[in-house]
Amino acid sequence: MKTIHIINGPNLNLLGRRQPDIYGRETLADVEAACGKLAHSLGFSVVFRQSNHEGELVELIHAAREEAVGIVINPAAYTHTSVAILDALNAFEGPVMEVHISNVHKRESFRHHSYVSLRADGVIAGCGTEGYLLALRRLATLVGD
């Protein structure tokens with residue numbers, strides 16, 4: 001079974017409790033369960049991870065190089081600041097989908113720039129946690145059978 005890595009950045013461990021008016025009430029565990037269920041129905045397995053530390057996120061991307069056919073990444077605040085995450089993603093050979101729960105383009109201007117988008121094969125923003133499922137469906141199309 002092909003594996004997709006889903007990587008989550010800082011503060012997403014607080015999903016459902018932090019600013020629910022922006023990010024909703026679903027927890028990261030809820031997102032993980034929904035992704036696992038959909039991935040299985042699409043014929044994939046998922047590795048689902050979260051870290052508040054930039055270097056650890058880079059290490060997770062490096063690990064994906066060894067076993068993943070694609071990456072879904074919500075880099076959270078590192079979207080706008082991390083060249084290191086961009087460089088790690090550039091070393092990954094499969095497709096990458098960038099996900100943002102909120103519509104970053106309706107928020108502060110500093111959120112309008114994404115280093116990750118320079119590598120991403122697609123960007124999903126403003127669809128709530130459903131964006132993860134949309135990203136999985138797109139990856140399934142990109143990597144095929």
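Small disclaimer: the values here were computed from a predicted structure and weren't measured.
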Shortest non-hydrogen separation from [X] to [Y] and the atoms involved:
X      : Y      : value
Pro10  : Ala77  : CG-N, 4.2 Å
Gly144 : Lys2   : O-NZ, 3.1 Å
Gly94  : Asp121 : O-OD2, 4.3 Å
Ser117 : Glu98  : OG-OE1, 2.6 Å
Val123 : Met97  : N-CE, 4.4 Å
Val116 : Pro75  : CG2-CG, 3.7 Å

Is [Y] reachable from [X] through a run of hydrophobic residues whose side-chain heavy atoms are each under 4.5 Å from the next?
X      : Y      : result
Phe92  : Phe48  : no
Leu60  : Val46  : no
Ile4   : Val96  : no
Leu134 : Leu136 : yes
Leu133 : Val31  : yes

Is there a side-chain contact between [X] and [Y] (heavy atoms, below 4.5 Å)?
X     : Y      : result
Ser82 : Val58  : no
Thr3  : Val69  : no
Ile6  : Ile71  : no
Thr27 : Leu15  : no
Phe44 : Leu139 : no

#### Entry: Test side-chain contact (heavy atoms from CB on, under 4.5 Å) applied to Glu67 and His5, step by step
CA-CA 9 Å; Glu67 65 184 35; His5 281 219; 2.9 Å; yes

### Task
Go through the structure and list residues passing side chain to side chain donor-acceptor pair (under 3.5 Å) with Asp87, not counting sequence neighbours.
none

### Message
Holding to side chain to side chain donor-acceptor pair (under 3.5 Å), I want the full list of residues that pass it with Tyr78, two or more places apart in sequence or in another chain.
### Response
none

### Message
Determine whether Ile101 and Tyr132 satisfy the following criterion, side-chain contact (heavy atoms from CB on, under 4.5 Å), listing intermediate values before the conclusion.
### Response
CA-CA 8 Å; Ile101 295 167; Tyr132 286 88; 4.1 Å; yes

### Task
Please confirm whether the backbone N or O of Tyr115 pairs with a side-chain atom of Arg119, one donor and one acceptor, at under 3.5 Å?
no

#### Entry: CA sep, side-chain torsions, deciding dist, call: Ile7, Val72, side-chain contact (heavy atoms from CB on, under 4.5 Å)
CA-CA 6 Å; Ile7 300 171; Val72 173; over 6 Å; no

Quick one: [atom1] on [X] to [atom2] on [Y], what's the gap to the nearest 0.5 Å?
X      : Y      : atom1 : atom2 : result
Leu89  : His62  : CG    : NE2   : 9.0 Å
Arg49  : Leu28  : CZ    : CG    : 11.5 Å
Arg137 : Leu142 : CZ    : CG    : 14.0 Å

### Check: Asn52/Gln50 side-chain N/O donor and acceptor closer than 3.5 Å
yes

### Task
Would you please test Ile73 and Ile61 for side-chain contact (heavy atoms from CB on, under 4.5 Å) and show each step?
CA-CA 9 Å; Ile73 185 166; Ile61 295 165; 4.1 Å; yes

### Query
Is the number of heavy atoms from other residues, nucleotides or ligands within 6.0 Å of CD (Glu54) greater than 12?
yes

### Message
Could you go through Thr79 and Ser114, starting from their C-alpha distance and side-chain angles, then the distance that decides it, and tell me whether this counts as side-chain hydrogen bond (donor to acceptor under 3.5 Å, both in side chains)?
### Response
CA-CA 5 Å; Thr79 301; Ser114 168; 5.2 Å; no

